[in-house]
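Residue numbers begin at 1 in each chain, while the letters A, B, ... track the order of the sequences. Computed from a prediction, not measured in an experiment: that's the story for all the values here.
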Amino acid sequence: MSSFDEDDAFEATAVPRVPLSRRAMAARPAPYLDGLNPAQRAAVEALDGPVLMLAGAGTGKTRALTARIAHLLMTGRALPNEILAVTFTNKAAREMKERVGRLMGETVEGVPWLGTFHAISVKILRRHAELVGLKSNFTILDTDDQIRLMKQVIAAASIDEKRWPSRQLAGLIDAWKNRALTPDRVPASEASAFNSLGTELYAAYQQRLLDLNAADFGDLLLHVLTIFQKHQDVLEQYQRWFRYILVDEYQDTNVAQYLWLRLLAQAHHNICCVGDDDQSIYGWRGAEVGNILRFEKDFPGAKVVRLEQNYRSTGHILGAASGVIAGNEGRLGKTLWTEAEGGEKLRLIGHWDGEEEARWIGEEIEALQRGGRGSPPKSLDDMAILVRASHQMRAFEDRFLTIGLPYRVIGGPRFYERLEIRDAMAYFRLAVSPDDDLAFERVVNTPKRGLGDKAQQKIQATARAHGLNLLEGARVLLAEGGVSGKGAGQLRAFIEGMDRWHAAVARGDNHIELAETILDESGYTAMWQADKTPEAPGRLENLKELVKALESFDNLQGFLEHVALIMDNDSGETEEKVSIMTLHGAKGLEFPAIFLPGWEEGLFPSQRSMDESGKKGLEEERRLAYVGITRAKELCTISFAANRRVYGQWQSQLPSRFVDELPEEHVDVLTPPGLYGGGFGAAAPVAESTIESRAARADVYNSPGWKRMQAQGGARPAAPAARGTVIEGTAFGLGDRVFHQKFGYGAVTAIDGDKLDIAFEKAGPKKIVARFVTSADSAADIPF
DNA sequence: CATTAGAATAACACC
DNA sequence: TATTCTAATG
């Protein structure tokens with residue numbers, strides 16, 4: 001049972017077409033065409049045959065795409081259920097649904113087959129699950145389950161986990177799945193590279209999945225692909241149903257998705273792909289830019305439309321972005337232009353370290369919020385910080401928490417990935433389907449029931465011996481008296497509870513009350529209530545929220561289905577907040593003001609990308625830079641730090657090569673007044689410090705980025721003055737202005753070993769251990 | 001069996 | 001640094 005409205009879609013198509021309704025639709029005017037530019041209009045009106053829409057950043061591609069859907073419907077070319085529209089993220093799907101709805105008004109209920117590859121695949125797979133050996137109520141595993149299962153497979157094959165880390169194997173298998181390689185199709189060359197063990201484990205893993213009646217994310221696509229390939233009749237059925245296909249973000253499709261689409265489009269060729277090769281940033285998860293580059297070969301006679309007029313950004317932002325992306329080779333090439341010439345140049349600023357960078361950006365955000373320099377005040381909702389890697393977010397969160405600046409992290413640790421939520425969900429899963437062994441494993445000893453490794457192994461063995469699921473296995477084991485003293489009673493209670501809850505699900509009891517009952521009776525809530533760690537209250541809060549989220553569903557099954565695919569969390573908050581997200585997460589979004597911190601070699605471009613994929617990796621990083629800059633409508637601020645903590649170790653950083661690739665005429669180099677004592681042309685760097693730091697500094701000063709800053713009168717960190725006590729690499733002197741997380745700013749009045757007497761401006765005098773405070777004037781405190 | 005201390009290891013992120 | 005895994009202890 002799924003929460004999808006799949007049956008509606010199918011029934012509607014089963015009914016003979018009603019020419020009347022088509023004509024009725026066709027008779028309506030076409031307001032959705034108003035205001036489209038010629039290129040957009042061409043893309044919208046070329047309904048039949050293959051179309052490739054090359055849509056640069058901010059060129060109104062979503063608009064064109066939605067107008068195209070509206071056009072298909074209004075002209076009567078297709079009924080809503082005859083359109084297949086694929087997006088990459090749920091966010092994009094949601095937005096498109098909304099916009100189609102707005103364009104169509106009351107005319108159309110919605111386009112049922114609009115969703116992500118995965119969501120659509122699930123719908124299809126549920127109908128034909130038996131063709132690949134699954135039952136239609138299969139569970140969808142997330143990455144976490146996947147890894148745990150992988151561990152079992154590795155253990156079962158009695159292989160040294162050290163040699164075959166489960167994570168790595170999971171990654172390998174994922175990559176194969178992305179390339180549409182089932183175990184039997186993995187090329188011998190790759191299999192041999194891993195002693196053919198890799199494919200064996202892959203096969204074993206797939207078998208385990210079937211045993212568990214489960215599919216991982218990759219399977220969702222791959223199974224459907226297999227069905228299409230092996231069952232011509234099923235394929236033809238879908239080819240008939242999906243008369244028009246639209247694909248968003250085509251540059252990010254992987255091989256499996258590509259084949260999936262090609263099979264469906266084979267018959268009628270009515271496929272419209274929208275993409276931008278310059279925004280292909282998912283190579284590491286199997287995306288093939290090649291797909292978009294060879295579209296015209298795949299679909300001969302394809303009409304190619306270029307959307308090049310940018311409606312989003314100022315001329316400077318566009319110019320800077322174009323300058324950077326020009327460094328890539330083998331592009332399809334587009335010339336973006338805008339009527340909005342001028343505007344503010346990009347701002348470039350270097351900082352001494354990451355904290356300093358966060359501090360500066362925080363102040364800058366507050367300044368933008370106040371307005372000033374002639375520009376009107378901006379809402380926090382209009383600003384975003386885009387980082388390369390999620391761990392960079394921390395510095396900002398820390399800083400914003402201390403200054404009380406509201407922020408939201410987008411795509412950070414998600415609600416549904418939290419420990420307590422996953423535990424609770426496992427309880428629900430087990431109550432809904434007692435066959436869910438992974439869920440059983442997760443909760444059988446959570447809270448602690450005295451059922452450790454040994455007891456669980458016994459359960460496993462019993463279950464296997466009798467060919468039962470773990471829950472039943474446990475029941476048998478208990479009956480046989482295989483569990484010793486204290487565990488036995490608790491296990492019995494657990495099983496009985498599960499029986500009760502399962503019966504309640506079957507009866508169709510109110511699912512919200514049931515969820516509360518489950519969490520209550522299982523002792524799960526009590527476990528957190530008894531927990532005295534600081535995060536426990538938050539976890540309880542989350543559990544409450546989880547129960548509340550159930551309200552929008554009819555039953556637990558529907559909820560679980562939803563959560564498996566929609567792992568995002570739009571809590572519908574209304575307070576103004578700055579957004580913090582990764583560059584990947586920012587794709588498709590736009591903000592008036594964008595901050596791009598951390599433009600440093602090794603961080604961005606990421607060392608790992610370059611190590612693993614060489615020049616290809618670097619080019620993808622460059623596209624990421626392009627994506628970042630083009631998110632900005634009015635103001636884009638790029639920054640880098642000379643020092644950064646990596647795994648807790650201080651490292652000196654070089655400005656990113658992308659900094660040097662920014663065309664000068666579009667960039668202003670900033671020096672924040674008062675933050676750097678020295679200003680440009682200040683005396684030599686640190687008098688005498690360690691050799692590494694001298695070398696590092698020399699590098700920084702020799703890098704083109706710093707040179708240019710210098711040439712333009714840019715920032716340079718002041719040399720720390722001679723200091724008194726040195727504590728753990730941190731130097732403070734009498735009278736230094738310092739900052740403490742809790743007490744705020746203050747001045748050092750005395751030094752006693754590693755303890756400082758500090759007169760805080762707000763909190764008064766305190767004695768503080770030196771490592772709890774940082775220097776408030778940027779450059780002085782950095783250990784190097 | 002649970003707890004804990006120390007060591008190892010880790011960081012691109014979508015469904 | 002922060003989490004997670006392993007081994008050793010109670």
Give a yes/no answer on whether the side chain of A/R285 brings an N or O atom under 4.0 Å of OP1 or OP2 in B/dA13.
no

Among A/Q651, A/Q653, A/E357, which residue satisfies the side chain to side chain donor-acceptor pair (under 3.5 Å) criterion with A/R644?
A/E357

Within 45° cone and under 6.0 Å: A/R631 NZ/CZ vs A/F591 ring:
no

If we count only N and O atoms by modelled type, under 3.5 Å, do the side chains of A/N254 and A/N178 hold a donor and an acceptor together?
yes

Might you point out which heavy atoms bring A/R388 and A/L583 nearest each other, and give the distance in Å?
CA-CD1, 4.0 Å

When rounded to whole Å, the CD to C1' distance for the pair A/Q168 and B/dA10 reads 13 Å

Whole angstrom value for the distance that separates P of B/dA10 from CD of A/Q649:
16 Å

For C/dC5, take OP1 and OP2 only and decide whether either is under 4.0 Å from a side-chain N or O of A/K151.
yes

Does a salt bridge link A/R422 with A/D145, judged by any charged N lying under 4.0 Å from a carboxylate O?
yes

Whole-Å distance between B/dC14 P and A/D248 CG?
16 Å

By the 4.0 Å heavy-atom rule, please label A/T89 as base, sugar-phosphate, or nothing.
sugar-phosphate

For a quick test of reading the model: is some side-chain N or O of A/R394 closer than 4.0 Å to OP1 or OP2 of C/dA2?
yes

Considering residues at least two apart in sequence or located in another chain, which fulfil the ring pair (Phe, Tyr, Trp, His ring centres under 6.0 Å) criterion with A/F604?
A/W599, A/F658

Considering only heavy side-chain atoms of A/H118, the closest of B/dC12, B/dA2, B/dC15 is B/dC15

Below 4.0 angstrom, N of the basic side chain to O of the carboxylate: do A/D436 and A/R429 qualify?
yes

Taking 4.0 Å as the cut-off, does a side-chain nitrogen or oxygen of A/N90 come that near to OP1 or OP2 on B/dC14?
no

5'-most by nearest nucleotide on DNA chain B - A/G648 or A/L451
A/L451

NA contact type, A/S121, heavy-atom cut-off 4.0 Å: base, sugar-phosphate, or nothing?
nothing

Between B/dC15, B/dC1, B/dA2, which one does the side chain of A/T143 approach most closely?
B/dC15

Rounded to the Å, how far apart are A/E288 CD and B/dC14 P?
20 Å

Taken to the nearest whole Å, CD/A/Q146 to C1'/B/dC15 is 11 Å

Rounding to a whole Å, what distance do you find between A/L225:CG and B/dC15:P?
21 Å

Length of the CG-P vector between A/D219 and B/dC15, whole Å
18 Å

Considering only heavy side-chain atoms of A/T582, the closest of B/dA13, B/dC15, B/dC12 is B/dA13

Side-chain donor or acceptor of A/E249 under 3.5 Å from a matching atom on the base of B/dC14?
no

How does DNA chain C read in dot-bracket, base by base from 5' to 3', with Watson-Crick or G-U pairs under 3.5 Å and | used when the partner is on another strand?
||||||||||

Would you please name every residue forming a ring pair (Phe, Tyr, Trp, His ring centres under 6.0 Å) with A/F88, sequence neighbours left out?
A/F117

Rounded to whole Å, please give me the gap between CD in A/E620 and P in B/dA13.
12 Å

Looking at B/dC14, I'd like to know if its phosphate oxygens (OP1 or OP2) sit under 4.0 Å from a side-chain N or O belonging to A/T116.
no

